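The structure presented is a predicted model; accordingly, all values stated were derived computationally and were not measured. In what follows, chains are A, B, ... by sequence order, proteins preceding strands, each numbered from 1.
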There are 2 protein chains.
Amino acid sequence: MHELDSLTQGRPIAIVGAGLVGAGWALVFARAGLAVRIYDANPAISNASIPLIERQIADLTEFGLLSESAESILARLTVCDTLQQAVNGAAYVQESILERTDVKRALMLELDAIAGPDLIIGSSTSGIPASAFASELSISSRVIIAHPVNPPYLVPVVEIVPSPDTSSSVIAFTAALMEAVGQSVVHVRKEVPGFVLNRLQAVLLREAWALVEEGVATCEDIDKTVRDGLGWRWSFMGPFETIDLNAVGGVADYAQRLGPLYRGIADSRSHTEEWSPELIKTVEDQRRGFLAFDELEKRRAWRDRQLMAFSAQRRKDDQR
Amino acid sequence: MHELDSLTQGRPIAIVGAGLVGAGWALVFARAGLAVRIYDANPAISNASIPLIERQIADLTEFGLLSESAESILARLTVCDTLQQAVNGAAYVQESILERTDVKRALMLELDAIAGPDLIIGSSTSGIPASAFASELSISSRVIIAHPVNPPYLVPVVEIVPSPDTSSSVIAFTAALMEAVGQSVVHVRKEVPGFVLNRLQAVLLREAWALVEEGVATCEDIDKTVRDGLGWRWSFMGPFETIDLNAVGGVADYAQRLGPLYRGIADSRSHTEEWSPELIKTVEDQRRGFLAFDELEKRRAWRDRQLMAFSAQRRKDDQR
């Protein structure tokens, strides 16, 4: 808390865009003890965010993941009628509006007109680089990507991606703020499509779809390969630590022995074609065979409970 | 147990090659109640396998992962002096010898000479297809790949990969045996390099190394992206279920919206170059910065305890 106070100097956090992602961020900051102002251009979404956060808090409480009452967390949230109200005096804005370059640019122009001289602006975008919507403004050096995984109050990773305009003090502030509110910071040092997280997901998914297309394995068998195999280690070590421990001589030993095989595998696969309508139908049919369309919502609730159980377990592991 | 009895008709399982992988398999079968015969061409390895399994049993007991005493499991193990002794009357051989085509071929020739007419032979190879070492023999239709993740008594996935010679009854038997002893069976329907598991790992690792090479992120930040982000969902859902739940309209909706981005990412990356000595040194230096070389062994023990804790938790989740 002490570190947070010195970072924000007691000033609030503004949440701009109050859908699922924005509401999740509001809970992250409020849970950490910060005053949070919530604004969405659509008042219906602003107003819906509080009951949404109440449900999220109830879930976290059930899994023993909160150290204080719902009331004290909710008391830190204020819904604002205007963008000006939300950002006035704020230390940091977390922007989670529509994933479109023109929409984000329009918000940056608005913020440029009203932002105080030291307001720092983080964007939740999962793939649009800041240089595509935040350049040539007085705020340009204070805009940075802070890309979460949903929901950010459960899954801790956040990708911090500066644009070439972003100042090093803004990078340092944002990373320190995120660590102080409990996130796990990944520094992405260059603007690349998909940043790190979605690049890793992209190559794995493309291979997975290609294996289905070739009839090598079904979706369900590929899912099993990950959830009953690869995913176990990856849930507490990353891929580098995994291979570092998997060879007597560590990662260099592993690279020399398995590098050529992996190069051959990766190089043998091209990804120039779209997923065809037939392939999409194959995957869709296989998935619907396992889970009917009208069961998706129930399964999403199951996933969220699994993530909460995982989070509770991780906390115990970290205390060991 | 009933199903196991009808599968094996009370006949033992033979373990050929009694290193880390073979010993792990011995425990899988013995834990399930089957008599297990252990053989290694090197008697020192055969003899070392029993104390190794004793330590594995002690670990599992500590984490509450066994339902009977060490003694009753160990009583099912017999170390054999010859291959003949090990396979005589056995229902199934699990081969875990050196990962080299000529060495595996030599074993197949030996087995061809002594195997009973219905002996089924599974190979633990992580990447050599059965057709490369088991063709044109009387046993050819009874040889199949059963590729585990280490250690198989903890991580349940096993890839079942027939060669074009493998009969459908042998596929069915091996899959049923593996399920009956508690493994999670992935059917790989065609012989492809790396099967499914190592293909998925290969493409993710190649992208990870390329990101380090380009200075986009450090090893540690890439590891964080997975262990504090992507890996959470992948540890209880696979990649297909993950995306199926991540779009309102399910997997087809997801494919239409994010397919083009993922294609662009995967297609932009070529993997024709080897990992250079400089790159390997960069990764090695970064890893050794986090974990000194002489700490590797201690960290492996930590990993194994994490896997046991994960296994114990998974068991609880499955019972919910």
- Query: So, B:K224 side chain and A:G238 main chain: donor-acceptor pair closer than 3.5 Å or not?
  - Reply: no
- Between A:V248 and chain B, which part of the residue has a heavy atom less than 4.5 Å away: side chain, backbone, both or neither? backbone
- Message: Donor-acceptor check, side chain of B:D253 to backbone of B:A247, threshold 3.5 angstrom: yes or no?
- Response: no
- Per-residue contact mode, A:E220 against chain B (heavy atom under 4.5 angstrom): neither
- Query: Is any side-chain heavy atom of B:T218 less than 4.5 Å from a side-chain heavy atom of A:R189?
  - Reply: yes
- Determine, stepwise, if the pair A:S163 / A:S131 fulfils side-chain hydrogen bond (donor to acceptor under 3.5 Å, both in side chains). CA-CA 5 Å; A:S163 82; A:S131 59; 5.8 Å; no
- Give, as side chain, backbone, both or neither, the part of A:R303 having an atom under 4.5 angstrom from any heavy atom of chain B. both
- Message: Which one wins on heavy-atom pair count under 4.5 Å against chain A: B:A255, B:G259, B:G250, B:P148?
- Response: B:A255
- May I ask you to name which of A:G229, A:P193, A:C219 has the most heavy-atom pairs under 4.5 Å with chain B? A:C219
- Keeping the roles fixed (side chain from B:E207, backbone from A:L200), state whether a donor-acceptor pair exists under 3.5 Å. no
- B:L230 side chain reached by A:V157 side chain, heavy atoms, under 4.5 Å: no
- Within a strict 4.5 Å, meaning less than it, do heavy atoms of the B:Q286 and A:F240 side chains meet? no
- Item | Side chain / backbone / both / neither for A:A312 at chain B, heavy atoms under 4.5 Å | neither
- Message: Please identify, among A:D244, A:V251, A:L296, the residue contributing the most non-hydrogen atom pairs under 4.5 Å to chain B.
- Response: A:D244
- Task: May I ask you to name which of B:H187, B:K190, B:E241 has the most heavy-atom pairs under 4.5 Å with chain A?
- Result: B:E241
- Query: Is it true that a side-chain atom of A:E191 and a backbone atom of A:A130 form a donor plus acceptor pair closer than 3.5 Å?
  - Reply: yes
- Query: For A:P239, is it the side chain, the backbone, both or neither that has a heavy atom under 4.5 Å from a heavy atom of chain B?
  - Reply: both
- Flag side-chain contact, heavy atom, 4.5 Å: A:Y262 against B:Q201: yes
- Does any heavy atom of chain B fall under 4.5 Å from the side chain of A:L211, the backbone, both, or neither of them? side chain
- Side chains of B:E159 and B:I145: closer than 4.5 Å at any heavy-atom pair? no
- Item | Part of B:I243 within contact of chain A (heavy atom distance under 4.5 Å) | side chain
- Task: Below 4.5 Å from any heavy atom of chain B, which atoms of A:T272 appear? Answer side chain, backbone, both or neither.
- Result: both
- Task: Counting only heavy atoms closer than 4.5 Å, note whether A:V149 contacts chain B via side chain, backbone, both or neither.
- Result: side chain
- Heavy-atom pairs under 4.5 Å with chain B are the metric here; pick the option from A:A217, A:G215, A:G194 that has the most. A:G215
- If you measure from the Lys or Arg side-chain nitrogens to the Asp or Glu carboxylate oxygens, is any gap between B:R314 and A:D228 under 4.0 Å? yes
- Verify the neighbour count for atom CD of A:E273: are there more than 12 heavy atoms of other residues, nucleotides or ligands below 6.0 Å? no
- Report the option among B:M237, B:R263, B:R227 that has the most heavy-atom pairs separated by less than 4.5 Å from atoms of chain A. B:R263
- Choice from B:S268, B:A202, B:P277, B:G127 maximising heavy atom contacts with chain A below 4.5 Å: B:A202
- When the 4.5 angstrom heavy-atom criterion is applied to A:N198 and chain B, the contacting part is both
- Task: Name the region of B:R206, side chain, backbone, both or neither, that has any atom closer than 4.5 Å to a heavy atom of chain A.
- Result: side chain
- Please look at A:F290 and chain B and tell me whether the side chain, the backbone, both or neither of the residue comes under 4.5 angstrom of a heavy atom of that chain. neither
- Measuring heavy-atom distances to chain B, does A:V192 have an atom under 4.5 Å in its side chain, in its backbone, in both, or in neither? side chain
- Item | Partner chain B: residue of A:G264, A:S270, A:P260, A:G249 with the largest heavy-atom pair count (under 4.5 Å) | A:G249
- Which answer fits B:L197, side chain, backbone, both or neither, if we ask what part of it has an atom under 4.5 Å from a heavy atom of chain A? both
- Note on the structure: From the list B:V196, B:V188, B:V158, side chain to side chain contact (heavy atoms under 4.5 Å, CB included) with A:T225 holds only for B:V196
- Which of A:I280, A:L204, A:L291 touches chain B most, by non-hydrogen pairs under 4.5 Å: A:L204
- Side-chain touch B:M308/B:D59, heavy atoms, less than 4.5 angstrom: yes
- Exactly one candidate in B:W302, B:F310, B:W232, B:W234 meets ring-ring contact (aromatic ring centres under 6.0 Å, His included) with A:F236; the answer is B:W302
- Name the region of A:S311, side chain, backbone, both or neither, that has any atom closer than 4.5 Å to a heavy atom of chain B. both
- Note on the structure: Most contact-rich option vs chain B, by heavy-atom pairs under 4.5 angstrom, among A:L279, A:V216, A:V283, is A:V216
